[in-house]
Amino acid sequence: MSSTFDIDVPIRRTSDRYRMSLSDREAAYPVSNDIGEIASIDQPVSYHSTEAIRLFDTSIEDPYSTWMKYRFPFLYPSNFYIADIANNLSGEANVQGAVNLPAATYRAVLTSYPALPILNISNDIFALPGITVDINTISEIHRRKSLIDLIHKFVHDPFGWSPWSQYPLSIDSANAAISFLDKLPIDKRSPKIAPDSDGTLELYWEDKDDPVLLTIDGWTLHFITSATTVRAVHHKPVSFTGADLPKALLDALPSR
Amino acid sequence: MNERPKVEPGHSEEVPDGDLLSRIIDFPHKFDGFRDLIEERIFEFQTDSTDPEKKPLPESVVWRKYASTDNDVHTIGVALEVDRQSKGRADYRYIGFISAQAGPIRSYRNVNGHGFFVRHDPEEGLHHVHVGLLPCADKKLTRLDKNELRTQLVRSIFSKDITRRPE
């Protein structure tokens, strides 16, 4: 069996739940927070997705829990790390443990999990283009969760770089920022953030040639592409509904 | 640190382009776990709420002509920490400073023509210099301009590495 697969896997989301903030999702559907074991792997990790889906393809009682715990067995030199990729793009991985090859053991572990109801999708579930879930993706998922924790902290603990003042983040700006991160495609880098004096949140994407600056002011986005360069473009403010991100901004954000 | 001579009101000097300026940095303990996620927006240029025109306030830096060694700057930073903590900012923690020459600060202009001024303001100490936003004469300075300018200061003009406070 090859140790690497590069397969497009359909990511399935429930549309209502997709619109929930990460913290709401976590409150409603608690998942494990242990990704340490995967994060410690220092080699590229890939997954054996096609076979995993086939092995899991039996009926289950709760489609959402399966959606949330979409399982990928991670391949790593001589062991398989069986991991739950909870909440898909925005959740966490729960390492179930390593199993040794040969494949018989591997299959025994896989078949002990609930199945993936690919054939029983309700109307509010849709498929997005697949991605390869590798170790960098998991790190990015983890980073975004930390950013959301920080956004919550900024609301309750004012922060400022000036010795004279600290600023709380407004609730509206915080909610808009969490929705923004939820909508940020996983192949895009996540930003650094800081609150500003008027309850807004500033987001910065460092890039050698084309940095991007975004200010989230309630549900209004103010942004500069190619910021600080002679090619800088100061865009007009855009209303953000929590749905699609502005194309000009999305196109300018650096990829991972 | 050089002993502060008595400064007569209104006495200020021109800061030469080649002179080094340092910015004191604080970072509260309670955000230590998030340090890598927080944008280093070290210059705020907060709006003066008492000013009907809402002009952004300048930021303070240390003129190294009057605080020539790193220890001199650390002494100023620690004194600021003591002052801030005594006035209600219990979590204020001086961690070090970043530096830049005055010339690159003065010469930068963003795409809309806005930049910075550098001005000696010795009434808070002979070492005390203000860096402020210098709007272009025929264009309004917007929120985006302000954000871009302060990002440029930290990302390109001042040193990237912090000269850390000794343990």
Side-chain angles (χ1 to χ4, degrees), chain A residues 139 142-154 156-167 181 190-198 200-208 211-217 220-237, chain B residues 23-31 33-49 54 56-57 59-60 77 79-81 83-85 87-89 91-95 108-112 114 139 142-157 160:
Chain A
S139 296
H142 194 54
R143 188 174 193 280
R144 290 184 187 193
K145 181 182 180 302
S146 298
L147 278 170
I148 288 170
D149 290 343
L150 177 58
I151 289 168
H152 285 296
K153 189 170 175 65
F154 280 152
H156 303 292
D157 281 337
F159 177 87
W161 284 102
S162 162
W164 314 108
S165 46
Q166 295 174 298
Y167 322 112
L181 289 174
S190 51
K192 283 188 165 188
I193 62 175
D196 206 348
S197 57
D198 48 3
T200 61
L201 187 72
E202 197 168 310
L203 297 83
Y204 179 72
W205 285 262
E206 186 161 23
D207 186 77
K208 185 167 67 70
V212 176
L213 260 174
L214 166 67
T215 301
I216 297 182
D217 179 6
T220 303
L221 308 181
H222 306 258
F223 61 101
I224 310 174
T225 52
S226 303
T228 72
T229 74
V230 294
R231 290 169 285 103
V233 178
H234 291 215
H235 296 262
K236 289 181 179 172
Chain B
R23 169 71 172 180
I24 302 286
I25 302 173
D26 84 284
F27 193 83
H29 287 288
K30 62 187 177 183
F31 286 95
F34 296 100
R35 183 68 185 85
D36 292 342
L37 302 176
I38 297 178
E39 165 61 4
E40 294 88 354
R41 194 167 33 69
I42 289 163
F43 296 86
E44 302 271 8
F45 301 115
Q46 189 184 0
T47 302
D48 180 0
S49 57
K54 305 286 182 197
L57 294 166
E59 296 283 0
S60 299
L80 185 60
E81 177 182 271
D83 177 73
R84 298 315 303 153
Q85 288 180 350
K87 291 175 180 167
R89 277 282 305 273
D91 63 341
Y92 186 97
R93 178 182 47 160
Y94 166 67
I95 60 168
Y108 175 74
R109 295 288 181 276
N110 79 349
V111 287
N112 292 325
H114 306 301
K139 277 191 180 172
T142 66
R143 170 207 296 267
L144 288 178
D145 287 316
K146 184 169 97 168
N147 290 352
E148 186 175 36
L149 288 164
R150 61 192 184 186
T151 299
Q152 177 71 3
L153 265 189
V154 173
R155 292 287 171 180
S156 301
I157 298 175
K160 288 193 168 40

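In what follows, every chain begins at residue 1, and chains take the letters A, B, ... in the order their sequences are listed.
- In this structure, no portion of B:Y94 lies under 4.5 Å from any heavy atom of chain A.
- Chosen from A:A194, A:P211, A:S146, the residue pairing most often with chain B at heavy-atom distances under 4.5 Å is A:A194.
- For A:D157, the side chain to side chain contact (heavy atoms under 4.5 Å, CB included) criterion is met by A:K153, B:K30, B:F31, not counting sequence neighbours.
- We find that B:D36 and A:R143 are not joined by a salt bridge, their nearest charged nitrogen and carboxylate oxygen being 4.0 Å or further apart.
- Looking only at heavy-atom pairs under 4.5 Å with chain B, the residue among A:L213, A:I224, A:L150 that has the most is A:L150.
- For the residue pair B:E148 and A:A232, the shortest heavy atom distance occurs at OE2-CB, 3.3 Å.
- Under 4.0 Å is where a charged nitrogen must lie from a carboxylate oxygen, and between B:R150 and A:E202 at least one such pair does.
- Residues A:T228 and B:R155 fail the side-chain proximity criterion, which asks for heavy atoms closer than 4.5 Å.
- Residue B:R143 forms a side chain to side chain donor-acceptor pair (under 3.5 Å) with just one option from A:D198, A:D196, A:T215, and that option is A:D198.
- At a 4.5 Å heavy-atom cutoff, the contact between B:F27 and chain A is made by side-chain atoms alone.
- In terms of heavy-atom pairs under 4.5 angstrom with chain A, the leader among B:V111, B:N112, B:L149, B:I38 is B:I38.
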Open item on the list: Pair A:Y167, B:Q46 - check side chain to side chain contact (heavy atoms under 4.5 Å, CB included), show working.
Closed with: CA-CA 11 Å; A:Y167 322 112; B:Q46 189 184 0; 3.6 Å; yes

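- The OG1 atom of B:T151 sits 10.5 Å away from atom CD of A:E206, with the distance rounded to the nearest 0.5 Å.
- Using a 4.5 Å cut-off between heavy atoms, A:F223 touches chain B through its backbone atoms (N, CA, C, O) alone.
- Of the atoms belonging to A:S197, it is side-chain heavy atoms, and not backbone ones, that fall under 4.5 Å from chain B.
- Proximity to chain B (any heavy atom under 4.5 Å) is restricted, for A:D217, to the side chain, taken from C-beta onward.
- With a 4.5 Å cut-off on non-hydrogen atoms, A:I193 touches chain B through its backbone and its side chain both.
- A:K192 is linked by a side-chain hydrogen bond (donor to acceptor under 3.5 Å, both in side chains) to B:E40, counting only residues two or more places apart in sequence or in another chain.
- If you tally non-hydrogen atom pairs under 4.5 Å between each of B:T142, B:N147, B:N110 and chain A, the highest count goes to B:N147.
- Neither the backbone nor the side chain of A:S190 comes within less than 4.5 Å of any heavy atom of chain B.
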TODO: May I have the step-by-step check of side chain to side chain contact (heavy atoms under 4.5 Å, CB included) for B:F34 and A:F159, ending in yes or no?
DONE: CA-CA 12 Å; B:F34 296 100; A:F159 177 87; over 6 Å; no

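- Considering only heavy-atom pairs separated by less than 4.5 Å from chain A, the leading option among B:Q152, B:K87, B:E39, B:R109 is B:E39.
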